[in-house]
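A quick note: this is a predicted structure, and the numbers were derived from the prediction, not measured.
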Amino acid sequence: MESVVIFKNYVGGRYLIVLFALALVYLLFTEKDRHRRAMFVYMPVSLLLGFFFPITRKAFVRLMGDGDTYYRMLWLVPMGIVIAYGGVKFAGFLCGKCGAAGPWMKRLTLVLLCLAVAFGGTYVYASQYMSKAENPYHIPQKVIDICDVIAPEEGEERIWAVFPTDLVYFVRQYDTDIQLLYGREMVEPKWQYAEPVHTVMNHPATIDIEELLKLTRERNCTYIVLPNNKGVSAKPEDFGLELLDTIEGYPVYFDPVAARMMHTG
């Protein structure tokens, strides 16, 4: 039943899966080319049967270590291609059966199919997870501005940095010369990783600067970007940090102590 639940969550509404099922049935009875039958009928059906077969899921969990990504098997099912091919083939059938009106019936069928697919989905740009791109990199501009401040010069060795949780997803998409003490694997709760620096940075209200620097200096981390929505236990400057800039509320600090420790061994 877990596979059934995963399948229901994957397909969302029932509308497109109904179109897919209709296309499959239609192609099963009308497609005569054996290669196309294999691609558009046998292969999708086999994948679905394999997905729902309990032993397949057990083997997947054993090999991958968890079942959280089992839904990705459904990516192999060419739902869109099957619907499109089935619709085109049906339009061709009408074109041959309707005589002089056939070409118009074919065009009308294809238009109706396109509308059916469009109205069966949702407007993706209305999602809360979509936002207008601020730059060609399609990542927040504040991340680019911060990275440009701390990035090493051409030919210099890579640096270590700490970023707030909400920015770590983007840093290495822009500059791989900036190494992070923790990344996406640490901030995803489902993976349950523990990272002391992340624990201090992720305090809900106040960041303990003394504890944070104790941890970062042990690992020669020379740059610290603090969150823009939390307090600190003490002024970072009192512990030797140098404020380089404040970008959209995010203070960007350089730690000369960590830099000296790194170069002295």
Side-chain angles (χ1 to χ4, degrees), residues 1-133 138 169 184 188-191:
M1 292 305 296
E2 289 181 6
S3 297
V4 174
V5 173
I6 292 172
F7 182 77
K8 287 181 178 179
N9 291 335
Y10 178 80
V11 300
R14 299 177 181 178
Y15 190 73
L16 290 179
I17 198 63
V18 169
L19 283 180
F20 174 63
L22 290 174
L24 269 181
V25 172
Y26 177 72
L27 292 174
L28 176 64
F29 289 102
T30 61
E31 183 56 65
K32 304 304 181 185
D33 185 283
R34 61 188 183 92
H35 297 293
R36 293 178 182 178
R37 283 178 67 87
M39 180 179 296
F40 296 116
V41 179
Y42 300 146
M43 185 265 285
V45 171
S46 299
L47 287 171
L48 286 173
L49 290 176
F51 176 82
F52 288 111
F53 191 48
I55 293 179
T56 306
R57 177 168 170 77
K58 290 181 181 294
F60 183 93
V61 172
R62 178 170 293 244
L63 291 172
M64 302 301 295
D66 67 80
D68 290 343
T69 56
Y70 188 62
Y71 69 92
R72 293 181 181 177
M73 285 191 62
L74 294 172
W75 292 356
L76 301 174
V77 181
M79 291 178 56
I81 296 175
V82 171
I83 292 173
Y85 181 68
V88 169
K89 191 170 181 66
F90 181 65
F93 168 77
L94 290 180
C95 183
K97 290 292 185 181
C98 296
W104 290 104
M105 288 298 298
K106 177 176 68 174
R107 294 186 181 93
L108 178 62
T109 301
L110 292 178
V111 169
L112 291 176
L113 177 63
C114 290
L115 291 175
V117 171
F119 284 103
T122 55
Y123 185 59
V124 295
Y125 295 108
S127 169
Q128 61 174 318
Y129 302 109
M130 299 292 290
S131 59
K132 188 175 181 179
H138 289 254
Y169 296 93
R184 178 172 175 263
E188 289 288 350
K190 66 180 181 180
W191 288 327

When rounded to the nearest 0.5 angstrom, what is the spacing between CG in L112 and CE in M105? 8.5 Å
If you define the side chain from C-beta out and look only at heavy atoms, does anything of T30 sit under 4.5 Å from K89? yes
Where L113 and G87 come nearest, the two heavy atoms and their spacing: CD2-CA, 3.4 Å
With rounding to the nearest 0.5 angstrom, report the NZ to CZ distance, K32 to R37. 7.0 Å
To the nearest 0.5 Å, how far apart are CG in L74 and OG in S3? 9.0 Å
Could you check whether the rings of Y70 and F60 sit parallel, tilted or perpendicular, using 30° and 60° as the cut-offs? perpendicular
Atom CG of L27 and atom CE of M39: how far apart are they, to the nearest 0.5 Å? 12.5 Å
Correct closest heavy-atom pair for I83 and L16 would be CD1-O, 3.8 Å
Do you know which two heavy atoms are closest between L76 and M43, and how far apart they sit? O-SD, 4.2 Å
Please name the pair of heavy atoms, one in M130 and one in V124, separated by the smallest distance, quoted to 0.1 Å. CG-O, 3.1 Å
Quick one: CD1 on I55 to CZ on R62, what's the gap to the nearest 0.5 Å? 12.0 Å
Between F119 and L115, does the side chain to side chain contact (heavy atoms under 4.5 Å, CB included) criterion hold? Intermediate values first, please. CA-CA 6 Å; F119 284 103; L115 291 175; 4.0 Å; yes
Qualifying ring pair (Phe, Tyr, Trp, His ring centres under 6.0 Å) pairs, either residue in residues 20-41, two or more places apart: Y26-F90, F40-Y85
Between T56 (side chain) and F51 (backbone), is there a donor-acceptor pair under 3.5 Å? no
I'd like to know if the side chain of R36 and the backbone of E31 have a donor-acceptor N/O pair within less than 3.5 Å. no
What do you reckon, is CD1 of I81 surrounded by more than 12 foreign heavy atoms closer than 6.0 Å? no
Return the CZ to NZ distance between F53 and K58, rounded to the nearest 0.5 Å. 11.0 Å
